[in-house]
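Have a look at the structure below, then the notes.
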Amino acid sequence: MIFQYFYARHFKKPIVTHFYFKLKKLTPIQLSILKNEYPLFGKLSDKHQSYFEHRVATFIDKTQFIGRQDLVVTEQMRVLVAATSIMLTFGFRKYLLDLLNTVILYPNEYYSEINEANHKGETNPQLKAIVFSWKDFKHGYNIGDDNLNLGIHEFGHAIHLNASMNNDVSSLVFSQGFQNLTSYLQKNPTLRENLIASKYFRAYAYTNQFEFFAVLLENFVETPKEFKSQFPHLYGYIKQMLNFKFAGY
């Protein structure tokens with residue numbers, strides 16, 4: 001165990017990311033949804049597709065899905081929500097988040113009693129739940145390069161919070177990477193001005209450090225070539241934090 005942490009600190013990745021005694025399979029309907037409606041899956045190698053399918057199947061098996069306001073949870077909802085989480089943790093050794101065991105879906109924007117405002121999505125550590133407006137979740141995938149994706153954004157918050165509360169190897173790599181990212185920004189005061197002037201990241205990114213990461217993550221996934229071209233150092237930090245070394249990233 002000590003060697004694993006030493007390795008992670010030095011090489012900024014787990015020793016082993018994928019190791020399974022038996023790979024789980026999705027149902028034919030679920031697999032069809034994954035292949036036809038989740039573009040990143042088709043970019044993976046055959047080996048990585050089998051690992052991705054296993055992780056999506058495990059997420060679905062271990063997660064409670066709840067529909068609100070008479071919304072009926074479908075296989076499409078289960079697969080696309082699970083795939084979004086698995087995509088972001090695909091470089092993690094521990095890919096299921098301790099912070100979450102429930103997905104709550106509303107048909108549209110909903111009223112949150114936590115802060116007395118309408119929401120499209122939120123992460124609720126107290127309930128161990130992540131919440132989405134299904135309409136807005138789906139909209140995030142309707143246009144694949146507008147850097148607006150509710151699922152990626154909220155799961156980004158969940159990953160960030162989960163890493164701050166855990167000490168597994170993947171959380172260590174993420175937290176160390178985020179500290180390096182923060183330090184880089186602090187040491188380069190003109191970078192913030194360049195970020196704002198570029199208008200590449202939406203203004204919401206500058207709300208706080210959590211929103212900054214979540215917005216950067218949306219851009220990282222949806223427009224990686226542009227991100228890497230404009231801000232290669234930031235791109236490198238996000239890639240390192242997630243151990244995101246697949247599908248051409």
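The figures here come from the full heavy-atom set of this structure, side chains too, leaving out hydrogens, waters and symmetry mates.
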(message) Can you confirm whether Thr102 sits close enough to Leu127 that some side-chain heavy atom of one is under 4.5 Å from a side-chain heavy atom of the other?
(response) no
(request) Check whether more than 12 heavy atoms from other residues, nucleotides or ligands sit under 6.0 Å from atom NZ of Lys225, and answer yes or no. (result) no
(message) Would you say that more than 12 heavy atoms from the other residues, nucleotides or ligands in this model lie under 6.0 Å from the NE2 of His18, or not?
(response) yes
(message) Under the rule for side chain to side chain donor-acceptor pair (under 3.5 Å), what residues qualify as partners of Ser112, not counting sequence neighbours?
(response) Glu122
(request) Would you give the length of the straight line joining atom OG1 of Thr58 to atom CG of Leu23, rounded to the nearest 0.5 angstrom? (result) 9.0 Å
(request) Answer yes if Val173 and Leu99 sit in the same cluster of Ile, Leu, Val, Met, Phe, Trp and Tyr residues linked by side chain heavy atoms under 4.5 Å apart, and no otherwise. (result) no
(message) Nearest 0.5 Å, please: how far is CG in Leu97 from OG1 in Thr89?
(response) 6.0 Å
(request) For the residue pair Val169 and Arg93, establish whether any side-chain heavy-atom pair is separated by less than 4.5 Å. (result) no
(message) With a 4.5 Å cut-off on side-chain heavy-atom distances among I, L, V, M, F, W and Y, is there a chain of contacts connecting Phe246 to Leu217?
(response) yes
(message) How long is the straight-line distance from CG of Asn180 back to CG of Leu185, given to the nearest 0.5 Å?
(response) 11.0 Å
(request) Write down the atom of Val56, the atom of Ala82, and the distance for their closest heavy-atom approach. (result) CG1-CB, 3.9 Å
(message) Given 3.5 Å as the limit, does a donor-acceptor pair link the side chain of Asn188 with the main chain of Leu191, or not?
(response) no
(request) Kindly state each residue pair satisfying side chain to side chain donor-acceptor pair (under 3.5 Å) with at least one member in residues 37-50, sequence neighbours excluded. (result) Glu37-Gln76, Tyr38-Tyr141
(message) Going by side chain to side chain donor-acceptor pair (under 3.5 Å), name the pairs with one or both residues in residues 25-34, residues two or more places apart or in two chains.
(response) Thr27-Gln30, Gln30-Glu75, Ser32-Asn36
(request) Hey, could you give me the CE/CG distance between Met87 and Leu44, rounded to the nearest 0.5 Å? (result) 10.5 Å
(request) Could you list all the side chain to side chain donor-acceptor pair (under 3.5 Å) pairs where at least one residue sits in residues 124-133, not counting sequence neighbours? (result) Ser133-Asp136
(message) Going by the rule side chain to side chain donor-acceptor pair (under 3.5 Å), which residues pair with Asp98 if we only count those two or more places apart in sequence or in a different chain?
(response) Lys94
Side-chain donor-acceptor contacts of residues 196-203 below 3.5 Å, not counting sequence neighbours, with atom names and distances?
unit_1	atom_1	unit_2	atom_2	d
Ser198	OG	Leu195	O	2.7
Ser198	OG	Tyr200	N	3.2
Tyr200	OH	Thr223	O	3.1
Tyr200	OH	Thr223	OG1	2.6
Tyr200	OH	Phe227	N	3.3
Arg202	NH2	His153	ND1	3.4
Arg202	NH2	Glu218	OE1	3.2
Arg202	NH2	Glu218	OE2	2.5

(message) Looking only at the aromatic ring of each residue, does the gap between the centers of Phe155 and Phe132 stay below 6.0 angstrom?
(response) yes
(request) Check for a donor-acceptor pair, side chain of Ser164 on one end and backbone N or O of Leu161 on the other, with a separation under 3.5 Å. (result) yes
(message) Is there a side-chain contact between Phe213 and Phe174 in this structure, where contact means two heavy atoms from C-beta onward sitting under 4.5 Å apart?
(response) yes
(message) For Phe210 and His157, take the angle between the two ring planes, folded into 0 to 90°, and tell me which bin it lands in: parallel under 30, tilted 30 to 60, perpendicular over 60.
(response) tilted
(request) Check side chain to side chain donor-acceptor pair (under 3.5 Å) between Asp70 and all other residues, then give those that pass, not counting sequence neighbours. (result) none
(request) State the CG-CG distance between Leu216 and Leu181, to the nearest 0.5 angstrom. (result) 7.0 Å
(message) If the condition is side chain to side chain contact (heavy atoms under 4.5 Å, CB included), which residues does Thr17 pass it with, not counting sequence neighbours?
(response) Pro14, Arg55, Asn243
(request) Please tell me if the side chains of Glu53 and Leu31 come closer than 4.5 Å, counting only heavy atoms from C-beta onward. (result) yes
(message) Measuring from atom CG of Asn101 to atom OG1 of Thr63, what distance do you get when rounded to the nearest 0.5 angstrom?
(response) 7.5 Å
For residues 228-242, tabulate all N or O donor-acceptor pairs below 3.5 Å that involve a side-chain atom, not counting sequence neighbours.
unit_1	atom_1	unit_2	atom_2	d
Gln230	NE2	Glu226	OE2	3.1
His233	ND1	Tyr184	OH	3.4
Lys239	NZ	Tyr249	O	3.0

(request) For residues Thr84 and Phe137, determine if any side-chain heavy atom of one lies less than 4.5 Å from a side-chain heavy atom of the other. (result) yes
(request) Evaluate the side-chain proximity of Ile66 to Val73: yes if any heavy-atom separation is below 4.5 Å, no if none is. (result) no
(message) Just so I know, are the side chains of Phe52 and Leu34 near enough to count as touching, which here means a heavy-atom distance under 4.5 Å?
(response) yes
(message) Determine whether the aromatic ring centres of residues Tyr206 and Tyr204 are separated by less than 6.0 angstrom.
(response) no
(request) Give a yes or no on whether Phe92 and Val81 share a hydrophobic cluster (residues Ile, Leu, Val, Met, Phe, Trp, Tyr; joining criterion: side-chain heavy atoms under 4.5 Å apart). (result) yes
(message) Between Leu88 and Val221, is there a side-chain heavy-atom distance shorter than 4.5 Å?
(response) yes
(request) Any ring-ring contact (aromatic ring centres under 6.0 Å, His included) involving residues 108-131? Give me the pairs, sequence neighbours left out, ordered by first then second residue. (result) Tyr106-Tyr110
(request) Grab the two heavy atoms, one from Ala158 and one from Leu100, that are nearest each other, plus how far apart they are. (result) CB-CD1, 3.7 Å
(message) Please check this pair: side chain of Ser183 against backbone of Gln179, looking for a donor-acceptor N/O pair closer than 3.5 Å.
(response) no
(message) Would you call the rings of His54 and Tyr20 parallel, tilted or perpendicular, taking 30° and 60° as the class edges?
(response) tilted
(request) Could you pull out all residues at least two apart from Asn162 that satisfy side chain to side chain donor-acceptor pair (under 3.5 Å)? (result) Asn166
(request) Not counting sequence neighbours, list each pair that qualifies as a ring-ring contact (aromatic ring centres under 6.0 Å, His included) and has a residue in residues 57-76. (result) none
(request) Report the residue from Tyr51, Phe244, Tyr95 that forms a side-chain contact (heavy atoms from CB on, under 4.5 Å) with Phe90. (result) Tyr51
